[in-house]
Each structure stands twice: as structure tokens, then as C-alpha cells.
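Read the structure below first, then the notes.
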2 protein chains.
Amino acid sequence: MDERPLRADARRNRARVLEVAAQVFATEGVAVPVHEIARRAGVGTGTVSRHFPTKDDLVGEVLFALLRNLVDEADALAERADPGTAFFAFVATLVRVGAANRALAQELAGTCCGVDGRAEFDVPGRTRELLAQAQQAGAVRADITYPDVKALMTGCMARRGGPLEPVIGVVCDGLRTGAGHRRTQREGTTT
Amino acid sequence: MDERPLRADARRNRARVLEVAAQVFATEGVAVPVHEIARRAGVGTGTVSRHFPTKDDLVGEVLFALLRNLVDEADALAERADPGTAFFAFVATLVRVGAANRALAQELAGTCCGVDGRAEFDVPGRTRELLAQAQQAGAVRADITYPDVKALMTGCMARRGGPLEPVIGVVCDGLRTGAGHRRTQREGTTT
DNA sequence: TCCCAACCGGGATACCCATCCCGATTATAG
DNA sequence: CTATAATCGGGATGGGTATCCCGGTTGGGA
């Protein structure tokens, strides 16, 4: 196909753009203009959009690596720990990573370009699985759904610039079975 | 000052724009273009920007009423209920209102125009006070700060379109002193 | 009823941004 | 060293939004 090797300078520029983009998107979110990425990388906007025809392509490439790591971690936890421990550990990891990386937080919150959900990078899918297993094992409240977990994690990620232990603690304690809640009298409510 | 009464048609248009804006911002958030508000209100864009010179003016006017109600509710709770009950009830109210109104959620999350914080409409201030009193009364974990609470509530508000009891339950249980292990009455579930 | 200031509509203007294009530059094969 | 195709920079283009402006319309007091 188009697997022709890039010229040396082109390869260098591409890598530099990717590096700068990763840093900027992590710090300021995906809303940063492409021309700003180009400026900081010391290249023209044309160079950026030649290597990444669309802004989503650039964002996607930046997110791929991060999402893959998370999926790997989820899989590792799933086989190394019991369901409850695995689920809570993964939630804590997602929150920490999301709080440290705005772009990733936006992606996980669904306010980004939506590159996850693709086979090998399906973080939401992994989270769903871990949740289901933790609930089956009786470690997590049964009335909780994935959207609930997603919303709670999204909130925790917004706690940028402060210690994360408190919010993670609150959420994990609250999710745990046996925390006092009135589930007993409202089993299958749907609003 | 310029308190000359508006002409009848002008007053009618202003009210209609405000009404439509409130509805649209609540449903779709403050990012909706002004010209869209004008279109749905059946007026020209000029009419909107004459009554509300800036988009922030329009958004602000819409939010004022909502914020005032919330502040009133906070004050009422503060004097009618014990600190713990008041705090949890207010948190539940904020989450419910925020989940039902995107513009308000954006405002409370700080991703809007920031009209609150003004004396009589200072919802964050009231929340802070209720939190401090609840902690002093020993009803809420001592390691929690206002930004933690804000982040958690922001997350819950993102749970649009589903039942809110689970997320509110998780957060309130998690915030409660001695959380993660039992206890609970049914506070914090006011509608 | 008549008249004019207040009001209306929506086109004009001024940004901002992503993406495309093309003349100038440069890596590198021969 | 030279030729040439790949690459570069940044201006041009198209689309979107907020705000301003002005010729036409109308409410309501005389």
C-alpha cells in the first residue's frame, strides 16, 4: 500500500509533533488549536495536517498508546486479582490517569473524538466486565450500572490539582457492598 | 437611570427569548448558538442581542433565577435541619437539579460564564458552609474538601438520563463518617 | 387618526479554527 | 555533484459563531 518509508526529516517532524501534541493535550485538553501544536513543535500547520490529515487522527494517535496501556492493565488485574480488588484497583487507576491527562479524561468522558471502543482499546468494555464480575462476586452494590461508574469516575477526574485519595476513597467506599444504602427497599427502580 | 419602561412588543419578545433560552440551555447546554435561540423564539438575532448585549448576559439572566432558588433552599435547610442532614439533602438537590439542567451543571462545574459567586447567588459558598458545619458535627469525613465535593457532584450530574439514586447513594454513603461499613438513614434523598 | 421614536429583522463584520494548496526547499539516489 | 521527488511553510479557503448596524415597521401618546 502506502508503506513507503518516510524521509528522515519527515519522520523526525512527525515524531516531534506527536510528542508535543501528547504533552499539550494532556495539559490543556483536546480543544487546543492545531496551529498551536504546530507552533510549539516548530513546524508549519501544513506539516501537521500532512502527517495527520484530521485533528481527530492526531488526537487518536496520541490516545492509542494510553488506552492500550489501560486495557493491558485491566487484563492483568482481571487475572491476577479477585474481582472486587481488580475492579477497585482499575477504577483508581483510571481516575489517577484521567486526572493527570485532560485529553484522556475527555476521551473517557465521551467528550472527545471517541477512539476508544475500538477492539483492542476498549476501556469502557473492560470496565464493564470488571464491574460485572465484581458485582457477581458480591463486592459491589448490585444496583450500580456502568454509566453510574463512568459518571463517578468522570467526576473524580475533575479533581485536578488536589489529592485524589479522598474522592477515590469516597467513591470506592460508596460502591462497596454493605455501605449503608436503602437498596433493600428499592431493588429495580428505573427512572 | 435607564429604567424607562419597554414598549409592549419589546417586553413580550424579551420574555419569549428568555423563556426559550432557559428551555434550550437546560436541554442542550450553553454552547447552543445565539442565532438558534433567536430562531426558535421566532425573532431576529438583532432582537436577542439588543435585549442581551452579550451571550453571557443572556446565560446569566437564565441562571440567576435557578441559582437564587438553590441559595434559598440551602438557607432553608441550614436552619431547619441538623448539619449532616442539611448537607446531604443539599448535595442531592444540586445533583438532581444539575442533572436536569445542563446549563446549570456547566455553571456549577465552572465551565460556563461564572455568574454564581456573586453575593446573593453564591451556591459554592453555601455548599462550603454546609460542608464545614456537617464536618464539624462529625457527619462527614474530615479529609474531604469543597473541591472534592464539587468534583463528586459534577460527576453525578453527568449521569443524565438514568436514575440518580445509585450515584447519589454512593457519594453520600462514601462521604459519611465511618463510610464503607454500614449505617444509614434516608437523608439526602429529597426530590 | 397621525406621527415619530422605539423596535424589529437579518445582513454585514470580525473573529477563530480545521483543512487544503502550491511555490520554495532539501534529502538522497545515482 | 546533480537531478528530482518528497517535504516544508504558511497563506488561502470554507464554515461557524458573536456582535453590530441600518433601512423598514409599528406601538401608543397626542
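Since this is a predicted model, take the numbers as computed values, not measurements.
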Give a yes-or-no answer on whether the side chains of A/Glu73 and A/Thr93 include a donor-acceptor pair shorter than 3.5 Å.
yes
With sugar-phosphate taken as primed atoms, P, OP1 and OP2 and all else as base, the protein-contact string of nucleotides 21-30 of chain D at under 4.0 Å (heavy atoms; B, S, -) is -----BSS--
salt_bridge([X], [Y]) N-O dist < 4.0 Å:
X        : Y        : value
B/Arg14  : B/Glu61  : yes
B/Asp173 : B/Arg176 : yes
A/Glu165 : A/Arg96  : yes

B/Gln135 side chain to B/Arg141 main-chain N or O, any donor-acceptor pair under 3.5 Å?
yes
For A/Gly155, is there any backbone N or O sitting under 3.5 Å from a side-chain donor or acceptor partner on B/Thr154?
no
Please list, in 5' to 3' order, the outermost nucleotides of DNA chain C lying under 4.0 Å from any heavy atom of chain B.
C/dA6 to C/dG11
For atom CD1 of B/Ile37 and atom P of D/dT17, their distance in whole Å:
12 Å
Residue whose closest nucleotide on DNA chain D lies nearer the 5' end, B/His35 versus A/Thr45
A/Thr45
Salt bridge (charged side-chain N to carboxylate O under 4.0 Å, His left out) between B/Glu28 and B/Arg40: does it pass, once the steps are laid out?
CA-CA 13 Å; B/Glu28 309 176 31; B/Arg40 299 201 204 184; 2.9 Å; yes
Are more than 12 heavy atoms from other residues, nucleotides or ligands located less than 6.0 Å from atom CZ of A/Arg68?
no
